[in-house]
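Here the structure comes first, spelled out in structure tokens, and everything after it is commentary.
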Amino acid sequence: MKKPVCIAVTGASGGISSSLLFRLAAGEMLGRDQPLILQLVEVSQAMTSLAGLALELEDCALPLLQDIRIFDNPEEGFNGADYAILIGARPRSAGMERNDLLTANAQIFERQGKALNDFASPDVKVLVVGNPANTNALIASRNAPDLDPKQFSALTRLDHNRTKGLVAKHLGVTAEAVENVIIWGNHSSTQYPDLNQAQAAGKSVLNQIDESYYHHELIPKIQQRGSEIIKARGHSSAASAAQAIIDHMHDWALGTQNDDIVSMATFSDGSYGIEKGLFYSFPMQCHDGVCEIKQGLALSEFSKARMLETQQELMAERASINHLLP
Ligand code: LMR
């Protein structure tokens, strides 16, 4: 029997967590031989609902789930965490400007970064999901000076999976047959879904789709998919975000298969000319618990322009909270 790992989740009674936690506790993220302890964190107003969720988790009698602990603060919630999934964030409310949202979240992720630094396992792997996810990951990482920035990441696997799904639908193949799509940049409407490396059933995707459809329909559709879902459901994506979290953490912990490329927002080391220090989504490959940016991919002029545009948005986000960074 493996030693149990401790997984901390914030925003633990929200919509994404309701889809995530039961699957995670059943072993879908780290394997069906990996026992785990869940440390669930919520704001104090949501603790009653979180306690109810913990009762339901208990009632599943899941063989891998060794303990469920609930907290109303990140300092206790992150204590000893091997994995931290930061879903909770301040949502945008009426009248709130983007900068207000960035500032409100900066305070949340500053505290969480400090708590990770001081209380989590020194090897903790952190995934930020709460929006604006890339910049929240930057804030958390900058507030955790004892942790390597590469221990922090932000979720763009949702965009990656959306791209696979939409390409598959257009070509009439299964999503599994579509490989090596790349999301560059921010988890926002400036992200760049890049199909230059993508293959469907072993054949180049770009040779099978019309360039005008790709540039003028598919890219905007992926960029706007989150908003489309909010309009349709009245809520942000939940089950698909949970799936993306499972995929992201699974690949980080257990490795990507067959040299596949996946998309993750990670600390930029300057690869592909991207501004160092931003949390930017890159093509990644993971082995033995370590993810690396896939190097050496050729970039078209179209790709370079799109990558720059999303980088500029991330630089503007950073500039608006720069005074709050240590
Ligand atoms: C999504 O991509 O579905 C969400 O990040 C959208 C949102 O703003 O909550």
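The first residue of the sequence shown is numbered 1, and numbering continues consecutively from there. The figures that follow rest on heavy atoms only: side chains count, while hydrogens, waters and symmetry mates do not. For ligands, and for the atoms within them, numbers begin at 1 and follow the listed sequence.
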Next on the checklist: Please determine whether salt bridge (Lys or Arg N to Asp or Glu O under 4.0 Å) holds for the pair E228 and K221, giving the CA-CA distance in whole Å, both sets of side-chain angles, and the decisive distance to 0.1 Å.
Outcome noted: CA-CA 9 Å; E228 186 184 350; K221 190 160 184 68; 3.4 Å; yes
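Electrostatic pairing of K2 and D33 counts as a salt bridge here, judged by a charged N lying under 4.0 Å from a carboxylate O. Checked for salt-bridge contact, R111 and E75 meet the test: a charged N lies under 4.0 Å from a carboxylate O.
The side-chain contact (heavy atoms from CB on, under 4.5 Å) test applied to H250 returns L254, not counting sequence neighbours. With sequence neighbours left out, the salt bridge (Lys or Arg N to Asp or Glu O under 4.0 Å) criterion links E313 to no other residue.
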Counting only pairs under 3.5 Å, give me each side-chain donor-acceptor contact of residues 257-266, with atom names and distances, residues two or more places apart or in other chains.
from: Q257; atom 1: NE2; to: G255; atom 2: O; distance (Å): 3.4
from: S263; atom 1: OG; to: H160; atom 2: ND1; distance (Å): 2.8
from: S263; atom 1: OG; to: I183; atom 2: N; distance (Å): 2.9

Using a cut-off of under 3.5 Å, which N/O atoms of ligand 1 pair up with protein N/O atoms, and what distance separates each pair?
from: ligand 1; atom 1: 2 (O); to: R162; atom 2: NH1; distance (Å): 2.9
from: ligand 1; atom 1: 2 (O); to: R162; atom 2: NH2; distance (Å): 3.4
from: ligand 1; atom 1: 2 (O); to: H187; atom 2: NE2; distance (Å): 3.1
from: ligand 1; atom 1: 3 (O); to: R162; atom 2: NH2; distance (Å): 2.7
from: ligand 1; atom 1: 3 (O); to: S237; atom 2: OG; distance (Å): 2.6
from: ligand 1; atom 1: 5 (O); to: N131; atom 2: ND2; distance (Å): 2.8
from: ligand 1; atom 1: 5 (O); to: H187; atom 2: NE2; distance (Å): 2.7
from: ligand 1; atom 1: 9 (O); to: S236; atom 2: OG; distance (Å): 2.5

